[in-house]
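Please read the structure below before turning to the comments.
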Amino acid sequence: MQPVEQPRRIVIDYSQPNIAKQMHVGHLRSTVIGDVFARVLAFEGHEVIRQNHIGDWGTQFGLLIRWYRENPLPTPETHADVVDAIAADYKAANERFQTDEQFASEARLAVGQLQSGEPEARRLWEQMCAVSWQAFTEIYEKLDVLLQPADVCGESFYNDRLAPRVAELREKLPPREADERSTGSWAEVRDDRGAVCVFMYDEKGEPRFKNPDGEMLPMIIQKSDGAYLYATTDLAAIHYRIHELGAKRVIYVTDARQKLHFEMFFAAARAAGWIGDDVTVEHVTFGSVLGTNRKPLKTRAGTPVKLRDLLDEAEKRAFALLEERGRGAERPGDHGEEGAEEAFTLEEKREIARRVGIAAVKYADLRNDRNSDYVFSWDKMLAFQGNTAPYMMYAYARIRSIYRKAAERFGSPDVYAAGVTIALADPTERAVALRLARLREAIDQVAAELTPHTLCTYLYDLATEFMRFYESCPVLKAPDEAARLSRMRLCDLTARTLKLGLGLLGIEVIERM
RNA sequence: GCGCUCGUAGCUCAGGCGGAUAGAGCACCGGAUUUCUAAUCCGGCGGUCGCAGGUUCGAGUCCUGCCGGGCGCGCCA
């Protein structure tokens with residue numbers, strides 16, 4: 001496939017876990033969806049820069065640093081789940097913060113020490129980051145996403161870029177007199193109730209954002225105590241990405257609840273002239289993962305579901321399904337002289353379960369319009385019918401099975417002859433061929449509209465149409481050699497399309513299942 | 001209150017920048033296996049596309065209003 005004619009440098013901000021906190025299903029969506037964009041846009045020939053904007057900065061670290069000055073920092077040797085241990089310590093530290101005035105003031109002091117680079121504070125912070133990052137890495141590897149340590153560019157990175165940006169905004173967006181307020185939408189920076197605020201107006205000169213009382217809602221970029229907020233960090237980040245990384249397209253993958261925040265800081269950045277005419281910025285939103293009770297997914301205890309536990313269970317359930325089916329396949333009647341394939345070894349079964357389980361979770365997250373909430377259901381995502389990962393992986397595995405048998409029977413190392421003319425005699429053959437021809441269209445749509453589910457739909461349609469073809473047109477026992485070669489070619493193209501398409505969704509196919 | 005988002009078959013969802021009889025999966029009923037993996041396939045059942053107006057030759061799709069659900073709205077992220 002040809003790369004796009006005009007490659008752009010594209011920054012994709014996704015995943016964004018928080019140091020000292022567990023990754024949960026909320027991070028799953030951002031990670032899985034953002035990864036698709038990274039793969040699809042890179043495939044189309046763009047220069048993709050992944051940015052993992054991790055939460056590694058802020059007042060909560062003051063608490064933890066103060067705490068670990070007199071308590072041991074959890075390590076992998078002492079705790080099975082280090083992140084859990086730190087989170088528990090945070091809770092304890094927070095309780096003490098509420099009751100112990102001296103502890104509280106020392107915690108506040110520690111925030112400043114961290115920012116100014118005091119060695120001890122810095123060391124404790126780095127250790128917390130290191131163990132948290134290790135936990136994230138394990139999940140990324142399990143999930144098979146592209147994110148690497150080098151993609152991390154968290155909140156702390158922007159620490160010394162915050163003050164300059166606030167100063168720049170003050171300079172570029174000075175308060176206006178009443179008679180200067182006529183032309184177009186505009187913004188101004190001024191202090192309000194002790195905080196530094198950006199006030200934004202629309203084309204009619206009306207406040208662009210309002211609070212519940214109908215009053216103007218500014219965006220606070222520096223608190224009355226002088227501290228900065230996430231709005232400030234996001235402003236610094238967008239400036240960095242456009243002006244230092246040279247991004248022409250910036251894509252943020254976060255949940256839909258942050259939409260107002262994004263509208264505000266995009267508007268402010270635009271007013272300041274930071275987003276040029278040749279640059280597009282997009283906030284890619286997504287809905288929540290719900291439990292069967294239609295409320296955001298939680299454990300029975302009411303805590304968020306840990307991503308690690310969720311992925312472990314996916315593998316476990318996939319393995320159980322494989323075992324279930326494995327018993328059926330070992331029926332005495334299933335022997336067969338040449339056709340029957342060997343049973344799976346335990347190791348193979350584990351590998352299949354791993355891939356199917358993870359694929360099922362990822363695919364379930366991608367298959368629906370990303371803006372809608374979806375109900376998390378093991379039964380549905382692991383089902384072999386319908387728009388699921390196992391169904392499509394099975395379609396692929398069936399084709400590969402044909403390939404192996406063909407190689408066996410016809411003794412050719414390459415049974416897919418490239419130059420073969422494809423004859424579309426049967427309606428099912430025609431349907432498959434027509435669908436194959438629309439691959440580029442499907443990929444382009446994801447690149448343009450950032451909708452992974454449209455690629456899912458395409459692949460599901462292809463798999464469905466292939467299954468029909470498979471049922472009604474014998475390949476190895478085709479009426480003549482020309483038909484056989486034609487059908488082999490159709491199989492090959494379908495397999496390669498499924499592998500490519502699923503690969504762009506971050507899903508690995510398997511040869512047998 | 002304002003804003004965003006959603007409302008399509010009993011359930012879960014596609015389709016939505018206008019185009020012909022609105023499509024899948026599940027569930028339910030009935031079929032297909034001496035033949036390439038039945039983890040599959042085929043058939044049947046099932047929808048006034050939330051409601052009401054409007055634009056149009058033509059509206060599930062665009063506009064307005066209303067109803068219902070979810071989310072958000074100054075010093076958290």
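Only a predicted model underlies this, so the values are computations on that prediction, with no experimental measurement involved. Labels below follow one simple rule: chain letters A, B, ... track the order of the sequence lines, proteins then strands, and each chain is numbered from 1.
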To the nearest 0.5 Å, tell me how far A:Phe265 CZ sits from A:Tyr230 OH.
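So the gap between those two atoms works out to 9.5 Å.
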What's the separation between atom CD in A:Glu282 and atom CZ in A:Phe266, rounded to the nearest 0.5 Å?
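A:Glu282 CD to A:Phe266 CZ: 8.5 Å, rounded to 0.5 Å.
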For every nucleotide of nucleotides 67-77 of chain B, 5' to 3': is a protein heavy atom under 4.0 Å from its base (B), only from its sugar-phosphate (S), or from neither (-)?
---SSSBBBSB
Which letter, B, S or -, goes with each nucleotide of nucleotides 22-27 of chain B from 5' to 3', with contact meaning a protein heavy atom under 4.0 Å?
--SSS-
Check whether any side-chain nitrogen or oxygen of A:Tyr470 sits under 4.0 Å from OP1 or OP2 of B:rU35, and answer yes or no.
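No, no such contact exists.
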Side-chain N or O of A:Arg294 closer than 4.0 Å to phosphate OP1/OP2 of B:rC6:
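For A:Arg294, the contact criterion (side-chain N or O under 4.0 Å from OP1 or OP2 of B:rC6) is not met.
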Along RNA chain B (nearest heavy atom to each residue), the more 5'-positioned of A:Lys259 and A:Ala397
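Result of the comparison: A:Lys259.
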Return a table of donor-acceptor pairs under 3.5 angstrom between the side chains of residues 461-468 of chain A and protein atoms on other chains or two or more places apart.
residue: A:Thr464; atom: OG1; partner: A:Tyr460; partner atom: O; Å: 2.8
residue: A:Glu465; atom: OE1; partner: A:Arg435; partner atom: NE; Å: 2.9
residue: A:Glu465; atom: OE2; partner: A:Arg435; partner atom: NH2; Å: 2.9

Distance to the ring centre below 6.0 angstrom and angle to the axis at most 45 degrees; does that hold for A:Arg400 and A:Tyr403?
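Yes, A:Arg400 lies over the aromatic ring of A:Tyr403.
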If a stem is a run of at least 3 consecutive Watson-Crick or G-U pairs, both distances under 3.5 Å, which stems include RNA chain B?
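Stem segments, range with range: B:1-7 with B:67-73, B:10-13 with B:23-26, B:28-32 with B:40-44, B:50-54 with B:62-66.
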Every protein N/O lying under 3.5 Å from an N/O of nucleotides 15-17 of chain B:
residue: B:rG15; atom: OP1; partner: A:His453; partner atom: NE2; Å: 2.9

Any salt bridge linking A:Asp365 with A:Lys362? Criterion: basic side-chain nitrogen under 4.0 Å from a carboxylate oxygen.
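A salt bridge is absent here (no side-chain N lies under 4.0 Å from a carboxylate O).
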Taking only the [atom1] atom of each, what is the distance from [N] to [M] in whole angstrom?
| N | M | atom1 | value |
| --- | --- | --- | --- |
| B:rC42 | B:rG25 | P | 8 Å |
| B:rC75 | B:rU8 | P | 37 Å |
| B:rG23 | B:rG44 | P | 13 Å |
| B:rA52 | B:rC67 | C1' | 10 Å |

Touch class at under 4.0 angstrom, heavy-atom based, for A:Met513 against every strand present
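Base contact.
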Please work out if A:Cys456 contacts a base, only the sugar-phosphate, or nothing of the nucleic acid, heavy-atom cut-off 4.0 Å.
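No contact at all - A:Cys456 keeps every heavy atom at 4.0 Å or more from the nucleic acid.
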Qualifying residue, where the test is ring pair (Phe, Tyr, Trp, His ring centres under 6.0 Å) with A:His53 and the options are A:Tyr240, A:Tyr158, A:Tyr14
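The residue from A:Tyr240, A:Tyr158, A:Tyr14 that satisfies ring pair (Phe, Tyr, Trp, His ring centres under 6.0 Å) with A:His53 turns out to be A:Tyr158.
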In terms of side-chain heavy atoms, does [X] have a donor or acceptor partner in [Y] at a distance below 3.5 Å?
| X | Y | answer |
| --- | --- | --- |
| A:Thr454 | A:Thr451 | yes |
| A:Thr428 | A:Asp426 | yes |
| A:Ser30 | A:Gln16 | yes |

What salt bridge (Lys or Arg N to Asp or Glu O under 4.0 Å) pairs are there with at least one residue in residues 284-294 of chain A, not counting sequence neighbours?
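Listed once each, the pairs would be none.
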Salt bridge (Lys or Arg N to Asp or Glu O under 4.0 Å) contacts touching residues 208-222 of chain A (sequence neighbours left out):
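Sorted result for residues 208-222 of chain A: empty, none.
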Side chain to side chain donor-acceptor pair (under 3.5 Å) contacts touching residues 473-487 of chain A (sequence neighbours left out)
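Counting only pairs at least two positions apart or across chains, the side chain to side chain donor-acceptor pair (under 3.5 Å) contacts touching residues 473-487 of chain A are A:Glu429-A:Arg487.
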Expected list for residues 217-225 of chain A: side-chain donor-acceptor pairs under 3.5 angstrom, two or more places apart:
residue: A:Gln222; atom: NE2; partner: A:Gly226; partner atom: O; Å: 2.9
residue: A:Asp225; atom: OD1; partner: A:Ala227; partner atom: N; Å: 2.9

Sequence neighbours excluded, which residues qualify as side-chain contact (heavy atoms from CB on, under 4.5 Å) partners of A:Asn159?
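Checked A:Asn159 against side-chain contact (heavy atoms from CB on, under 4.5 Å); matches are A:Trp57, A:Gln115.
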Return the set of residues passing salt bridge (Lys or Arg N to Asp or Glu O under 4.0 Å) with A:Arg440 (not counting sequence neighbours), or none when no residue passes.
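Per chain and number, A:Arg440 pairs via salt bridge (Lys or Arg N to Asp or Glu O under 4.0 Å) with A:Glu44, A:Asp444.
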Between the protein and nucleotides 29-34 of chain B, list every N/O to N/O distance that falls short of 3.5 Å.
none

